[in-house]
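The next block holds one structure in the form of structure tokens; read it before the comments.
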There are 2 protein chains.
Amino acid sequence: MKSHPITIKDIARVLGISPSTVSRALKDHPDISPKTKQLVQTFAEKVNYRPNALALSLRSSKTNTIGIVIPEIVHHFFSTVISGIEDIAYSKGYNAIICQTNENYQREVIDLQALIDNRVDGILVSMSKNTHEFSHFQNVRDNGIPIVFFDRICEAISTDRVIADDFEGARIATKHLISKGCKKIMHLSAPQHLLIGKNRKEGYCSALKEHQLQCNDQLVVKCDTRESVFAKEDEIISLASDIDGIFAVNDSTAIAAMQVLQRNGYNVPKDIAVVGFGDGPIADIAYPPLTTVEQKGYVIGQAAMNLLIGHIEETAIESEFETKIFTPELVERTSSQLGKTI
Amino acid sequence: MKSHPITIKDIARVLGISPSTVSRALKDHPDISPKTKQLVQTFAEKVNYRPNALALSLRSSKTNTIGIVIPEIVHHFFSTVISGIEDIAYSKGYNAIICQTNENYQREVIDLQALIDNRVDGILVSMSKNTHEFSHFQNVRDNGIPIVFFDRICEAISTDRVIADDFEGARIATKHLISKGCKKIMHLSAPQHLLIGKNRKEGYCSALKEHQLQCNDQLVVKCDTRESVFAKEDEIISLASDIDGIFAVNDSTAIAAMQVLQRNGYNVPKDIAVVGFGDGPIADIAYPPLTTVEQKGYVIGQAAMNLLIGHIEETAIESEFETKIFTPELVERTSSQLGKTI
DNA sequence: CCTTTCTTTGCAATCGTTTTCGATAGATTA
DNA sequence: TAATCTATCGAAAACGATTGCAAAGAAAGG
């Protein structure tokens, strides 16, 4: 029952007038007489006429559609960003096509080409980890399509960017521990060849130095997953009696550390205060509830979409690009209240 | 620098032949001489010609695009479903437009109309909680667009559906507790006017009766959030000495219950075994790790998309609809090992 | 050498809409 | 009465691609 939707031609035929008149009548063109307008508009209403967006797009080369390319959807930060993008898109009348690369470079290339082929008005990208060649991004620009990177940006392409400030987030987290009275703070770190690992560790060190505390590599333990914490349980516990605070590179690591401490007789936060780095909604579930810095995925998505719209609708200057940096925000809960018993 | 992409007409003009010949040459039509084909194809390759998907869609009334309408993106289950949808879509050459209603009926109506206007080939919907009028779904069908519901289905529209079996999931969870030796099992339940609340409680009761245990409303406590567990701490603890198992309607409730038990001197799972119902990745983070039943969002998304493609490509029979039911799977962890000390 | 057949190509219509440029009235003005 | 103006509408091209049909030329058969 492939029913064919009503077109302007259909209306014209039934009403015995030309398609051009119908078109003009529907959009209140001054050339059309009030009688004809009335006739056309009420009839269109009656048959529930809806313009064919494809035809409009083809003619105007404007699709009111944008593309989103991300490594994975099932990731709290990314889905939060998408949500922010989608809400702005909706409010401005854009549709969003979503493409997930699964960290696959080839798929990223194909996804971008598909978006170009569909003539999207703009593209939002968070790069795959395995992308080391950038001509597919340049290809987008060469097709005259604005592109905005978020979170996993591409340095090689000069365009708008929106990122979270990992350095500052880590600094805020560490300074918070210091303000709670911590003097010797351990850092559970991610690999230093990853940007987040490097930046968060440097933020941690920066805060320590700012307060005349030494940034000692002996207090930096390389573990950034729940499993790796358990694997390094002995190392962590051997240091535990010497420390009064832990800053972990992410929340699940922080929570695992708390659990390791607890089952070895330490009290969190009485003996040791703990702060994480927000990567999901799990901080609330932890016991004690975890103090953490939260990456503002929703506003990052909104900002990226707004920047993109600026270039699509040319309210922004063509060749002037901007990098927006969002600093994570401290969410203080129980785990960092050094000295307090829970 | 709104650069205009190369079209078939451009190629025709440069090569001094007609657009029709170019079109046929590009798709190896037998009518075209080998020489011409070679000429056109190498030239198209050289200038990186790409067909305009809009023009193709307009002509063929096939967009190779589907729409996804969901209440919210930032929800582990939904983002997992989207991921499953997107992976199938990608493998079959479809693009996915994503629309988030934020549980808003009006927005659902507008989103669906926008998808119709854009002539998507099919639509996947999980209804908003506030939708009690269904003519916008019927409108989709009237436009000849296949629609598949998942999770939050609409009974009023006869079409394909994909759902998770809450009743059976709850039954499996409860039977697991019984198999671990539990005799008196508490249920933390969601409101009974919600389908998941009703179905999961009934599954719980069914398992009890199957094993000649009584399904006693005294052991059913109405709380389905972390906060409500803490609010009912006294009630739960007053019953705790009398029970040896808890089945909670979701994971965060289960985890909160474990924490309440622990700080009141109970050992989980030694004294009381606990099982949750999967709504995210938090079960792994809990202490002890939470046994739960996991809703298979990814395969639900895949199944929904496959059903939709069946109707789009008419490999499925037009008027015969199917309801696929996926039973959650028990993921056994530590929290349910009654009698064991951790 | 003429007719037939086959190969290869182009014309034009189509998808649904917008928009430029006229065109045809009737009304107004000189 | 003739000329100009205004109001209202339609024809046709355009967006980029596909495709049925016609036509031109070449090859083949008689």
Side-chain angles (χ1 to χ4, degrees), chain A residues 2-41 43-44 47-65 114 116-121 143-144, chain B residues 2-41 43-44 47-65 114 116-121 143-144:
Chain A
K2 268 269 149 282
S3 61
H4 267 280
I6 300 238
T7 74
I8 271 191
K9 290 186 187 173
D10 295 329
I11 298 180
R13 195 170 347 98
V14 173
L15 261 39
I17 56 183
S18 81
S20 10
T21 303
V22 176
S23 172
R24 280 187 269 247
L26 286 174
K27 45 183 43 183
D28 259 337
H29 193 286
D31 269 10
I32 305 299
S33 75
K35 281 167 291 179
T36 315
K37 272 183 194 169
Q38 185 64 23
L39 177 72
V40 172
Q41 286 172 0
F43 183 78
V47 298
N48 193 24
Y49 166 76
R50 297 244 91 215
N52 184 326
L54 285 172
L56 291 184
S57 298
L58 178 59
R59 183 156 215 285
S60 62
S61 41
K62 174 90 165 61
T63 52
N64 289 303
T65 299
I116 296 173
D117 291 350
N118 280 313
R119 300 294 189 270
V120 295
D121 294 335
N143 274 274
Chain B
K2 267 270 148 282
S3 61
H4 268 279
I6 301 239
T7 75
I8 267 192
K9 290 186 187 173
D10 296 329
I11 299 181
R13 193 169 349 98
V14 173
L15 261 40
I17 55 183
S18 81
S20 13
T21 304
V22 176
S23 171
R24 281 186 266 248
L26 286 174
K27 44 184 44 184
D28 258 337
H29 194 286
D31 271 6
I32 305 298
S33 75
K35 280 168 292 179
T36 315
K37 272 184 194 167
Q38 185 65 23
L39 177 71
V40 172
Q41 285 172 1
F43 184 77
V47 298
N48 194 24
Y49 166 77
R50 298 243 92 217
N52 184 326
L54 286 173
L56 291 182
S57 297
L58 177 60
R59 183 157 215 284
S60 62
S61 39
K62 174 92 166 60
T63 53
N64 289 304
T65 298
I116 296 173
D117 291 350
N118 279 89
R119 301 295 189 270
V120 294
D121 295 335
N143 274 275

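The sequence lines fix the lettering, A, B, ..., with proteins before strands; numbering per chain opens at 1. What you see below is based on every heavy atom in this structure, not just the backbone, and it leaves out hydrogens, waters and symmetry mates.
Here Asn118(B) contributes atom CG and Ser57(A) contributes atom OG; the two are 6.5 Å apart, rounded to the nearest 0.5 Å. Thr7(B) contributes atom OG1, which lies 6.5 Å from atom CZ of Arg13(B) (distance to the nearest 0.5 angstrom). To the nearest 0.5 Å, atom CG of residue Leu26(B) and atom CD1 of residue Ile32(B) are 10.0 Å apart. The OG1 atom of Thr36(B) sits 10.5 Å away from the CD atom of Gln41(B) when rounded to the nearest 0.5 Å. Put simply, CG on Asn52(B) and CZ on Arg59(B) are 14.0 Å apart, with the number rounded to the nearest 0.5 Å.
For the side-chain contact (heavy atoms from CB on, under 4.5 Å) criterion with Ile8(A), the lone passing option out of Ser23(A), Ser18(A), Ser20(A) is Ser23(A). Checked options Ile6(B), Val40(B), Val22(B), Asp10(B); the residue passing with Tyr49(B) is Ile6(B) (criterion: side-chain contact (heavy atoms from CB on, under 4.5 Å)).
Pairs of residues two or more places apart, or lying in two chains, that qualify as salt bridge (Lys or Arg N to Asp or Glu O under 4.0 Å) and include a residue from residues 27-41 of chain B are Asp28(B)-Lys37(B).
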Report all interatomic pairs (protein N or O, nucleotide N or O of nucleotides 4-8 of chain D) with separations under 3.5 Å.
none

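Scored by the side chain to side chain contact (heavy atoms under 4.5 Å, CB included) test, Thr65(B) finds Thr63(B), Asn95(B), Ile97(B), Val120(B) as partners (sequence neighbours excluded).
Taking a heavy-atom distance under 4.0 Å as the criterion, the stretch of DNA chain C touched by chain B extends 5' to 3' from dT8(C) to dG16(C).
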Contact string for nucleotides 13-18 of chain D, one letter per nucleotide 5' to 3', B = base within protein heavy-atom range under 4.0 Å, S = sugar-phosphate only, - = neither, reads -BBBBB

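When the local axes at the two ends of the helix from dC1(C)-dG30(D) to dA30(C)-dT1(D) are compared, using 5 base pairs at each end, they differ in direction by 80° after rounding to 10°.
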